[in-house]
Amino acid sequence: MDAVRIIAASRRGLAQARTVEEIVVEAWQAQALAEAVGSHLAISGPHEVRSRARGLGDAGGRTSAALLIPAPRIGGPRAAQLSEVRDTQEALRGLSWLLGEVCEALVGVVCAADEEGMYWTCVEAMDVADESRDRVTGILKHLAVRNRDMG
């Protein structure tokens with residue numbers, strides 16, 4: 001499945017999440033997707049962004065250790081469905097939006113957290129999502145420069 005479709009599904013999932021557990025699971029889903037998109041682009045993306053994409057894959061992969069909530073049992077991670085990235089820039093823009101939305105949702109969880117473990121889990125997840133978003137932004141800027149130089 002194309003990255004853009006999976007990103008849209010993840011944005012819908014996050015928007016529909018109502019409980020702390022659902023929000024944390026959606027944060028995990030988004031980071032798994034960042035890892036998958038980064039890994040995919042590191043192998044078959046534009047040559048100029050492959051090393052940066054590898055960094056995105058690495059950053060996305062750190063979240064599974066940061067979040068206490070296990071992967072969803074039903075259907076597994078959405079990222080496992082990733083088979084292609086048809087439009088690199090559109091996928092990266094959507095991923096950036098998703099990661100920003102994840103950070104916003106986790107801020108709400110942090111503010112309402114009454115358990116110290118959940119508080120720190122969400123703070124760590126926000127840091128990783130923010131780092132992934134920074135990496136996505138860097139790749140997009142690099143692509144913009146490349147396109148400008150080619151045009």
Side-chain angles (χ1 to χ4, degrees), residues 1-110 121-122 124-151:
M1 182 182 301
D2 181 51
V4 173
R5 288 183 60 201
I6 300 170
I7 291 165
S10 292
R11 289 184 74 194
R12 281 190 303 277
L14 182 61
Q16 294 169 355
R18 298 291 173 244
T19 67
V20 168
E21 183 176 278
E22 289 171 343
I23 292 169
V24 172
V25 165
E26 289 302 327
W28 181 88
Q29 288 273 13
Q31 282 301 130
L33 187 53
E35 178 182 16
V37 168
S39 296
H40 183 85
L41 292 176
I43 294 168
S44 57
H47 183 68
E48 300 87 351
V49 300
R50 288 184 181 180
S51 65
R52 292 173 186 268
R54 198 169 11 265
L56 172 61
D58 292 345
R62 284 198 296 274
T63 297
S64 57
L67 295 176
L68 297 173
I69 306 294
R73 291 179 190 90
I74 302 173
R78 288 184 199 103
Q81 299 173 26
L82 180 70
S83 59
E84 64 183 325
V85 179
R86 287 185 196 142
D87 184 331
T88 302
Q89 290 183 335
E90 182 181 0
L92 290 171
R93 282 191 298 269
L95 186 57
S96 179
W97 274 100
L98 173 62
L99 292 167
E101 291 167 348
V102 162
C103 285
E104 289 178 25
L106 288 171
V107 166
V109 173
V110 165
T121 295
C122 290
E124 172 93 12
M126 285 183 335
D127 286 346
V128 175
D130 192 46
E131 177 186 351
S132 293
R133 190 172 187 207
D134 287 346
R135 290 181 182 269
V136 167
T137 300
I139 295 169
L140 283 167
K141 286 179 182 176
H142 194 77
L143 286 171
V145 167
R146 179 194 76 161
N147 291 341
R148 185 188 70 221
D149 291 346
M150 291 175 67

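Treat the numbers as computed from the prediction; the structure is a model and nothing was measured.
- Rounding to the nearest 0.5 Å gives a distance of 9.0 Å between CD1 of Ile43 and CZ of Arg54.
- Ala129 and Leu99 make their closest contact through O-CB, 4.1 Å (heavy atoms, listed as atom of the first residue, atom of the second, distance).
- Here the straight-line distance linking atom CG of Leu143 with atom CZ of Arg93 works out to 9.5 Å at 0.5 Å rounding.
- Within 6.0 Å of the CZ atom in Arg5, the count of heavy atoms belonging to other residues, nucleotides or ligands does not exceed 12.
- Minimum heavy-atom separation, Val85 to Thr88: CG1-CA, 3.8 Å.
- In this structure, Leu98 CG and Glu26 CD are separated by 8.5 Å, a value rounded to the nearest 0.5 Å.
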Ser83 vs Asp2, side-chain contact (heavy atoms from CB on, under 4.5 Å): CA-CA, chis, key distance, verdict: CA-CA 6 Å; Ser83 59; Asp2 181 51; over 6 Å; no
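- Looking at Arg133 and Glu101, no side-chain N of the basic residue comes within less than 4.0 Å of a carboxylate O on the acidic one, giving no salt bridge.
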task: For the pair Lys141 and Thr137, evaluate side-chain contact (heavy atoms from CB on, under 4.5 Å) and give the outcome as yes or no after the intermediate values.
output: CA-CA 6 Å; Lys141 286 179 182 176; Thr137 300; 3.8 Å; yes
task: Given side-chain contact (heavy atoms from CB on, under 4.5 Å), test Val37 with Ile6 step by step and report yes or no.
output: CA-CA 10 Å; Val37 168; Ile6 300 170; over 6 Å; no
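- Between Leu95 and the choices Val136, Val4, Leu140, the side-chain contact (heavy atoms from CB on, under 4.5 Å) rule is met once, by Val136.
- Shortest non-hydrogen contact noted between Arg146 and Pro46 is NH1-CB, 3.4 Å.
- Val128 is listed as a side-chain neighbour of Gln31, based on a closest heavy-atom distance under 4.5 Å.
- Atom OG of Ser51 sits about 12.0 Å away from atom CG of Leu56, to the nearest 0.5 Å.
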task: Start with the C-alpha distance between Arg135 and Arg52, add both sets of side-chain angles, then the distance that settles side-chain contact (heavy atoms from CB on, under 4.5 Å), and finish with yes or no.
output: CA-CA 7 Å; Arg135 290 181 182 269; Arg52 292 173 186 268; over 6 Å; no
